[in-house]
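Structure record follows, encoded as structure tokens.
Computation of the quantities below employed the complete heavy-atom set of this structure, encompassing side-chain atoms and omitting hydrogens, waters and symmetry-equivalent molecules. The shown structure was predicted, so the numbers you read here are calculated from the model rather than taken from an experiment. First the proteins, then the strands, lettered A, B, ... as listed; each starts at 1.
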There are 2 protein chains.
Amino acid sequence: MSQTVDRALSILPLLAEGPADLGQVADRLGVHKSTALRLLRTLHEHGMVYRQSDQRYRLGARLIALAQEAMENLDIREIAHPHLVRLNEQCGHTVHLAVYEEDEVLYIDKVESRYPVRMYSRIGKPVAITVAAVAKLLLADLPEHERRALSDKLDYPMYTSRSTPNQEAFLKELAKVREQGWATDLGGHEESINCVAAPIRGADGRVVAAMSVSAPNVVVTADELLTLLPLVRRTADDISGEYSGRTSAKNPV
Amino acid sequence: MSQTVDRALSILPLLAEGPADLGQVADRLGVHKSTALRLLRTLHEHGMVYRQSDQRYRLGARLIALAQEAMENLDIREIAHPHLVRLNEQCGHTVHLAVYEEDEVLYIDKVESRYPVRMYSRIGKPVAITVAAVAKLLLADLPEHERRALSDKLDYPMYTSRSTPNQEAFLKELAKVREQGWATDLGGHEESINCVAAPIRGADGRVVAAMSVSAPNVVVTADELLTLLPLVRRTADDISGEYSGRTSAKNPV
DNA sequence: CTGGGTGGTTGCATTAGCTGCAATGCTCAT
DNA sequence: ATGAGCATTGCAGCTAATGCAACCACCCAG
């Protein structure tokens, strides 16, 4: 809608790939260097980009701080956190909380496993949307047309041999997940890692977030992990209850 | 420099305070509603803001994901992390890593205490710059004129009775910190929390980051915490060595 | 069910301000 | 010294952002 802003914002993902100098930014943007310079300067004034000693630009500290505040504003996170911690204390494995927003699923909270072998993931990181148990739960709850539109757009990368291979399989899996009210990811993303996940619902029954417990094969087998399902679902339901019970909720997600 | 971009970016911190509707955004920006609408739409297209069900806007998922990538690009963080974990395993307390950038100091990594009583802090959150031990180390290393300029601009909030009260005391403290090569915060931010911190230096000797160990009084006294100083300094030096040894470093901070 | 209020959205004429060019300055390597 | 490479600045032209006003959709009160 606004060309200037559009261009300026396009710089950010570009810099997220790594530092770049003025010329590179101008090229990738398809504008004159002087234009890129002015955009970068404006971004700089707002702390969104930083100019390192070699003159190259990279993403700035204010961006990180803003994202931090953004997450603190998500009240589902505040409510869920103590429950996630408690669950972690009970089972010892990594616990994740994720939300869906505009074609992306991302982790917004995480409690680390107590076992030495830990899986890689980070708060704020977009989730492998076609295979992650939490993603399936969140997408399964979308209105039919949105789900179809999204599944059309997606790639179906074969992270492992058990990854969801294509749209058809994906939609089928989502139907199953919606039906049963929980989801798993058995080695679909990382060969040796399994997850079980359960949905967190708002007062209207819509899924507002999803939580999962993940553990590598070397710690527990998939079957053993599945025995935690009732506990995970109970925790999710507790969070749902507390979330929808709050009449003063200021930021419905 | 660019008015349009400037306005658009000003929306972000505004939304960080909490969701707002079109009218509020337009007012705070001092522009017509239609202008605000177009800016918000552009931000929306880039996923920087999200429109929740009640039509109000809040910060979006892409912002969080970008910030995530920004942090992953900081290679000091990658190098330091395992050292921080090891230190945490040795002492059990909360370990922080922080960097300075454009008048702000922020935590870029954290390993949680193993004790039940934990301090509040979050990765990405700006640090209390006048009192935090890591902040003192980072500022103490700035060139004289920058340090003075910054110390002029700062507020000196009295978080507790032991907070740094004013510029004079602050500069004096920075001189001492620079001299001794380490820093403490003894209840200057939170009454009952103490920290010891040490600098991480690049190949040129400049301080590129700082790390600290923090613990509440109820767990260890300040004196006990100080006995960890040699260990903290050694860890920081190890990280310094590894960081400056890397000839292939692509992102000097 | 109706009228008015609230808040979001759209089309358009005006002109602010963004753009690209070309010239200049700076740094560094040869 | 010299020139190549990159950042920066001033400026004229015109694109594209702006504010206005009209319009729409929704909600509540009468």
* Candidate pair B/H81 and B/D109, rule side chain to side chain donor-acceptor pair (under 3.5 Å), full reasoning -> CA-CA 7 Å; B/H81 191 76; B/D109 204 0; 2.4 Å; yes
Under 3.5 Å, side-chain donor or acceptor atoms of residues 199-206 of chain B against the rest of the protein: list the pairs with distances, not counting sequence neighbours.
unit_1, atom_1, unit_2, atom_2, d
B/R201, NH1, B/G205, O, 3.0
B/D204, OD1, B/R206, N, 3.2
B/R206, NE, B/D141, OD2, 2.8

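- Spacing between atom CD of B/Q52 and atom P of C/dG8 amounts to 13 Å, rounded to whole angstrom units.
- Aromatic ring centres of A/Y156 and A/F170: separated by under 6.0 Å.
- Between A/L37 atom CG and C/dG25 atom P the separation is 17 Å, expressed in whole Å.
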* To do: Using a 4.0 Å cut-off on protein heavy atoms (strictly under), produce a 5'-to-3' string for nucleotides 15-23 of chain C with B for base contact, S for backbone-only sugar-phosphate contact, and - for none.
  => --SSBBB--
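- A search for salt bridge (charged side-chain N to carboxylate O under 4.0 Å, His left out) contacts involving B/E69 returns nothing, not counting sequence neighbours.
- Of the charged side-chain nitrogens involved, at least one lies within less than 4.0 Å of a carboxylate oxygen, so that A/R28 and A/E17 count as a salt-bridged pair.
- Where DNA chain D meets chain A (any atom under 4.0 Å from a heavy atom), the bounding nucleotides read 5' to 3' are D/dA7 to D/dA17.
- Note on the helix from C/dC1-D/dG30 to C/dT30-D/dA1: terminal axis deviation equals 40°, with five pairs used at each end and the result rounded to 10°.
- With respect to B/E168 and B/K172, no salt bridge is recorded, no charged nitrogen being found less than 4.0 Å from a carboxylate O.
- For the residue pair B/Q167 / B/D152, a side-chain donor-acceptor distance below 3.5 Å is found, with atom types taken as modelled.
- Contact check on B/K176 versus B/E179 returns no salt bridge, with no Lys/Arg side-chain nitrogen under 4.0 Å from an Asp/Glu carboxylate oxygen.
- In this model, no donor atom of one side chain and acceptor atom of the other lie less than 3.5 Å apart for A/Y50 and A/R58.
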Compile the donor-acceptor pairs under 3.5 Å between side chains in residues 34-41 of chain B and protein atoms, sequence neighbours left out, one pair per line.
unit_1, atom_1, unit_2, atom_2, d
B/S34, OG, B/H32, ND1, 2.9
B/S34, OG, B/R38, NH2, 3.4

